[in-house]
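Working notes, beginning with the structure itself.
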Amino acid sequence: MTEMMFEQEEKNALKPGTLYLVATPIGNLEDMTFRGVKTLRDADLIAAEDTRRTATLLNHLGIKKPLVSYFQHNEKSKGEFLLEKLKTGTIIALVSDAGTPAISDPGEDLVRLCAQNDIPVVPVPGATAAISALITSALPTGRFSFEGFLSVNKKSRREHLLSIQHQPHTMIFYEAPHKLRRTLKDFYELLGDRKIVLARELTKKYEEIIRTTLSEAVLLYREKEPKGEYVLVLEGAQEAPKTNDDLNNLSILEHINHYMMLGMDQKEAQKAVAADRGVSKRDIYAELLKVKEESK
Ligand code: SAM
């Protein structure tokens with residue numbers, strides 16, 4: 001064994017009382033890394049989001065190991081249980097349903113709990129749906145943000161989208177198939193038409209990369225039933241935020257709409273328009289009445 005290999009072996013030997021975050025495949029079992037397999041094989045305990053799903057993976061890898069469930073609804077009590085185990089020197093490997101733990105799954109809380117208690121946390125990297133989608137999107141990868149799942153709550157969802165309306169960089173979202181149509185419509189309505197890449201069933205048999213625009217995607221899924229798992233990669237905003245001069249050249253109605261698109265209610269928007277134009281709120285109101293009269 002060369003010195004370098006020996007050093008690597010040493011480095012890869014698992015340390016007691018450590019949490020290992022082990023990435024697992026997002027579809028194709030061959031995406032499991034050598035180090036991931038070794039870590040699962042050598043850990044004392046595996047904490048899994050879905051023990052049945054992980055049991056299938058372990059079976060495929062020929063690994064027999066005690067499994068503990070750690071998922072969204074038991075994360076508090078199980079987190080404390082796992083922390084106590086780690087404190088007494090147990091080596092724990094954490095795996096999620098698929099992909100990288102702590103990315104849109106409860107692993108994030110366990111990592112925080114370990115950090116607060118000085119428990120070492122070691123990444124064992126591998127597949128992540130977000131990055132796999134980004135690198136195949138053909139959209140700029142130099143700067144990007146991961147936006148996760150949009151909230152199902154209408155207000156938070158709108159706030160989230162308005163907060164990213166002018167972001168110039170590429171954005172990555174996760175979405176469930178039954179919510180895809182709603183999400184595409186919301187994107188289109190609040191962010192305007194722009195490029196989107198729908199990365200579907202990555203690394204699986206029916207993998208598909210659809211590079212299109214939001215308006216076309218809305219039309220496409222009017223006909224087609226969304227099926228499988230999706231990552232949405234969205235182009236950043238193309239136009240620079242509007243300057244005061246740009247805004248004052250808009251019609252009063254467009255100017256008010258601009259602020260309402262940013263999340264203001266009508267009253268707040270009228271106040272902002274009055275301030276931009278250096279006139280009183282009453283003047284804006286009178287202008288609005290005039291526009292209404294003229295459109296009758
Ligand atoms: N931890 C995972 C990761 O590293 O990507 C993500 C877990 S999150 C609960 C599940 C979401 O990831 C799915 O709803 C989907 O948006 C995305 N996803 C997971 N596997 C995928 C795949 N094979 N193809 C496309 N999207 C996938």
Side-chain angles (χ1 to χ4, degrees), residues 19-33 35-36 39-40 46-54 56-57 60 69-75 78 93-112 121-139 141 144-152 157 160-161 164 170-184 186-187 196-212 217 220-221 224-234:
L19 177 71
Y20 290 85
L21 306 174
V22 181
T24 55
I26 55 169
N28 189 329
L29 290 180
E30 292 193 7
D31 290 335
M32 189 71 212
T33 66
R35 186 168 166 230
T39 308
L40 293 179
I46 298 174
E49 199 181 350
D50 179 342
T51 48
R52 272 205 315 206
R53 212 164 154 168
T54 303
T56 311
L57 175 72
H60 173 80
S69 75
Y70 177 77
F71 59 94
Q72 210 177 6
H73 298 292
N74 74 0
E75 65 189 27
K78 274 294 159 65
L94 175 71
V95 297
S96 70
D97 252 12
T100 299
I103 297 294
S104 288
D105 70 38
E108 181 185 349
D109 295 319
L110 186 58
V111 172
R112 200 170 300 119
V121 180
V122 174
V124 184
T128 314
I131 298 298
S132 307
L134 175 71
I135 59 175
T136 34
S137 69
L139 289 174
T141 60
F144 64 88
S145 63
F146 176 62
E147 303 291 335
F149 287 98
L150 283 178
S151 166
V152 282
R157 193 178 169 83
H160 185 167
L161 290 178
I164 58 170
T170 305
M171 288 159 273
I172 310 171
F173 297 83
Y174 282 165
E175 196 47 288
H178 64 283
K179 296 194 197 129
L180 183 74
R181 284 185 174 130
R182 174 80 264 159
T183 296
L184 292 174
D186 287 352
F187 279 169
I196 184 166
V197 179
L198 298 101
R200 194 177 84 83
E201 294 287 271
L202 290 166
T203 77
K204 302 185 196 174
K205 189 172 173 191
Y206 295 108
E207 178 179 272
E208 193 180 10
I209 308 290
I210 306 170
R211 299 188 184 93
T212 182
L220 174 72
Y221 281 100
K224 197 169 151 169
E225 191 63 38
K227 272 194 199 135
E229 298 197 274
Y230 286 86
V231 180
L232 309 176
V233 189
L234 193 62

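Both counts, for ligands and for their atoms, begin at 1 and track the order of listing.
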**Request:** Test K78 against L110 for side chain to side chain contact (heavy atoms under 4.5 Å, CB included), laying out the working first.
**Result:** CA-CA 9 Å; K78 274 294 159 65; L110 186 58; over 6 Å; no
**Prompt:** Can you list, by chain and residue number, every protein residue with a non-hydrogen atom closer than 4.0 Å to ligand 1?
**Reply:**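 Those residues closer than 4.0 Å to ligand 1 by some heavy atom are I26, S96, A98, G99, T100, I103, S104, D105, T128, A129, F149, Y174, E175, A199, E201, L202, K204, E229, Y230, V231.
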**Asked** Does R181 pair with E175 as a salt bridge, N-O distance under 4.0 Å?
**Response**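 The answer is no: the pair does not qualify as a salt bridge.
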**Message:** Under a 3.5 Å distance rule, please check whether T54 uses its side chain to pair with a backbone N or O of T51 as donor and acceptor.
**Reply:**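 Judged by distance alone, no pair lies under 3.5 Å.
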**Message:** I'd like to know if the side chain of R157 reaches the main chain of S151, judged simply by a donor and an acceptor atom lying under 3.5 Å from each other, with no hydrogens or angles considered.
**Reply:**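 Indeed, once roles are kept as given, a pair shorter than 3.5 Å links the two residues.
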**Asked** Do the ring centers of Y174 and F146 come within less than 6.0 Å of each other?
**Response**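 Yes.
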**Heavy atoms from other residues, nucleotides or ligands near NZ of K204 exceed 12 (cutoff 6.0 Å)** =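 More than 12 heavy atoms, drawn from other residues, nucleotides or ligands, come within 6.0 Å of this atom.
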